[in-house]
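Letters go in sequence order (proteins before strands), and every chain restarts at 1.
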2 protein chains.
Amino acid sequence: METPETSGKTHRHHGDLRETLISAGIELLDEGGLEALTLRRCAARAGVSHAAPAHHFKGISGLLTAIVARGYRKFTLTMIEEREKAANEPYARLEAICQGYLRFARENDALFVLMFSPQKLDFDDEELALQSESAYEVLAETCAPFQHGEAGSQGTEIMVWSLVHGFAVLSRRNRSGIADKMTPAVHFSDILPQLALKLPTP
Amino acid sequence: METPETSGKTHRHHGDLRETLISAGIELLDEGGLEALTLRRCAARAGVSHAAPAHHFKGISGLLTAIVARGYRKFTLTMIEEREKAANEPYARLEAICQGYLRFARENDALFVLMFSPQKLDFDDEELALQSESAYEVLAETCAPFQHGEAGSQGTEIMVWSLVHGFAVLSRRNRSGIADKMTPAVHFSDILPQLALKLPTP
DNA sequence: AGCGCTAACTTGACACTGTCTAGTTGCCTG
DNA sequence: CAGGCAACTAGACAGTGTCAAGTTAGCGCT
């Protein structure tokens with residue numbers, strides 16, 4: 001039998017270079033944004049040569065994928081955390097995970113951008129698939145209590161996900177000091193109620 | 001008086017290197033995706049040296065910004081085109097610009113990604129601001145007939161924009177052959193009606 | 001125990017990227 | 001008709017990711 005823990009290989013350098021590199025990448029990410037995240041810089045910060053990461057990741061995209069996978073994990077936890085603070089009532093719980101979504105985007109700006117960047121990520125990676133589906137699962141189960149429309153439960157999920165994701169993307173521009181006409185000067189809690197969400201009649 | 005046309009400078013090379021470089025960039029974009037778009041490659045395709053673009057754009061970000069600005073123009077036109085084919089009725093017009101939105105995203109994949117990529121774009125550029133606000137204007141005027149909620153007309157606009165943008169982003173994953181649980185197997189026309197959109201009582 | 005073998009890691013090279021600095025050239029203006 | 005200037009070229013430089021060849025340390029095997 002093999003547990004995930006036994007797969008940890010303790011080699012000669014420091015405990016786990018793979019984990020160290022991921023952490024270094026996240027540090028670079030919130031210190032200097034996406035531009036600052038570089039394979040060679042990660043290696044340097046971890047104290048190894050620039051070619052060392054190749055033994056742990058499939059190129060730069062492998063490293064980015066691992067970082068994003070860890071990002072999804074934190075993302076999921078943030079939504080759950082907010083949901084547990086909310087009243088045990090479907091609508092309050094839904095609003096809570098949305099606030100968690102937005103808080104994560106606010107507090108992990110560059111990581112959030114990377115997570116939803118379609119470039120340079122290896123979507124065949126199973127760890128990424130696992131973590132991202134786990135995040136979606138939180139959304140799905142929080143949407144489940146509501147009455148679904150023409151498109152079934154997935155229609156409700158996509159409606160909510162799109163709304164909050166789009167709102168997060170637009171809100172980002174504000175923080176970057178862009179100030180378009182399309183940057184929302186509106187609270188999310190004022191637009192969520194405009195979805196036609198109903199509870200089924202018991 | 002100065003018209004936008006008189007500002008065209010005809011120098012010695014070909015008519016307008018600036019315009020040629022933008023077109024070359026767009027070509028590279030839909031031939032090889034975002035990875036293929038490079039300052040040096042644009043220059044090569046335009047038949048000039050690698051340092052020539054510097055006289056027309058403020059670095060790579062200037063070129064990308066110009067490409068994106070042109071993208072927004074086409075984007076706006078696509079939405080208007082669909083809207084004019086629709087019945088002259090508020091809801092049909094709104095659905096039409098959403099279909100235009102999604103069609104543009106489908107037909108200009110890499111350009112669409114670049115347009116909403118927060119990196120490497122110069123958001124202080126006034127041409128970009130002009131074109132992107134012009135796109136938003138189409139959305140705003142199509143949303144105007146509806147009854148607005150707590151957050152006013154901008155609340156309605158952001159709700160619709162977020163919904164269609166989020167849907168476009170999620171749909172992209174399908175086409176890339178990712179096949180998550182979060183890729184919608186749903187038609188947009190089935191989830192748009194789930195927004196609580198009402199016309200004011202006359 | 002001793003001896004490979006293998007995986008981790010280093011060093012160096014390569015083809016790229018964007019940007020900066022000098023030159024060169026051709027057009028327009030005074 | 002000169003002078004100036006903007007467009008453009010050629011070359012260099014610091015970075016990037018990736019590949020090829022060495023080195024070294026720890027493990028299993030007879």
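- Summarising the geometry, the separation between CZ on B:Arg18 and C1' on D:dA6 is reported as 16 Å, rounded to the nearest angstrom.
- Ring geometry, B:His165 versus A:His165: the interplanar angle falls under 30°, so the pair is classed parallel (tilted spans 30 to 60°).
- For A:Glu150, the side-chain hydrogen bond (donor to acceptor under 3.5 Å, both in side chains) criterion is met by no residue, not counting sequence neighbours.
- Following rounding to the nearest Å, A:Leu28 (CG) and D:dT16 (P) show an atom-to-atom distance of 11 Å.
- For the salt bridge (Lys or Arg N to Asp or Glu O under 4.0 Å) test, no residue two or more places apart in sequence or in another chain qualifies with B:Glu127.
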Apply side chain to side chain donor-acceptor pair (under 3.5 Å) to A:Glu157 and A:Tyr136, showing your working. CA-CA 9 Å; A:Glu157 292 154 19; A:Tyr136 189 81; 2.7 Å; yes

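- A straight line from CG of B:Asp16 to C1' of D:dC8 spans 15 Å, rounded to a whole angstrom.
- As a whole-Å value, the separation of B:Lys58 NZ from C:dG18 P is 17 Å.
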Heteroatom pairs (N/O) under 3.5 angstrom, protein to nucleotides 11-13 of chain C:
unit_1	atom_1	unit_2	atom_2	d
C:dG12	O6	A:His50	NE2	2.9

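- Atom CG of B:Leu34 is separated from atom C1' of C:dT17 by 15 Å (rounded to the nearest Å).
- Evaluation of the side-chain hydrogen bond (donor to acceptor under 3.5 Å, both in side chains) rule for A:Glu89 yields no partner, not counting sequence neighbours.
- Considering only residues two or more places apart in sequence or on other chains, B:Glu126 meets the side chain to side chain contact (heavy atoms under 4.5 Å, CB included) condition with none of them.
- Listed candidates were C:dT17, D:dC8, D:dG17. Nearest to the side chain of A:Leu39 is D:dG17.
- Sorted by first and then second residue, the salt bridge (charged side-chain N to carboxylate O under 4.0 Å, His left out) pairs involving residues 46-70 of chain B (not counting sequence neighbours) are B:Glu19-B:Arg70, B:Lys58-B:Asp122.
- OP1 or OP2 of D:dC8 has at least one side-chain nitrogen or oxygen of B:His56 nearer than 4.0 Å.
- Distance, A:Ile60 CD1 to D:dC19 C1': 16 Å, rounded to whole Å.
- Residue B:His55 places its side chain closer to D:dC8 than to any other of D:dC8, D:dG17, C:dT10.
- Contacts between residues 113-122 of chain B and DNA chain C, defined by a heavy-atom separation below 4.0 Å, involve no residue at all.
- End-to-end axis angle for the helix from C:dA1-D:dT30 to C:dG30-D:dC1, using five pairs per end and rounding to 10°, comes out at 0°.
- Checked against side chain to side chain contact (heavy atoms under 4.5 Å, CB included), B:Ile60 has the following partners two or more places apart in sequence or in another chain: B:Leu39, B:Leu64.
- The side chain to side chain contact (heavy atoms under 4.5 Å, CB included) test applied to A:Glu82 returns A:Lys85, A:Ala96, A:Arg103, not counting sequence neighbours.
- The side-chain hydrogen bond (donor to acceptor under 3.5 Å, both in side chains) search around B:Glu141 returns B:Arg83, not counting sequence neighbours.
- Under the side-chain hydrogen bond (donor to acceptor under 3.5 Å, both in side chains) criterion, B:His148 pairs with B:Thr156, not counting sequence neighbours.
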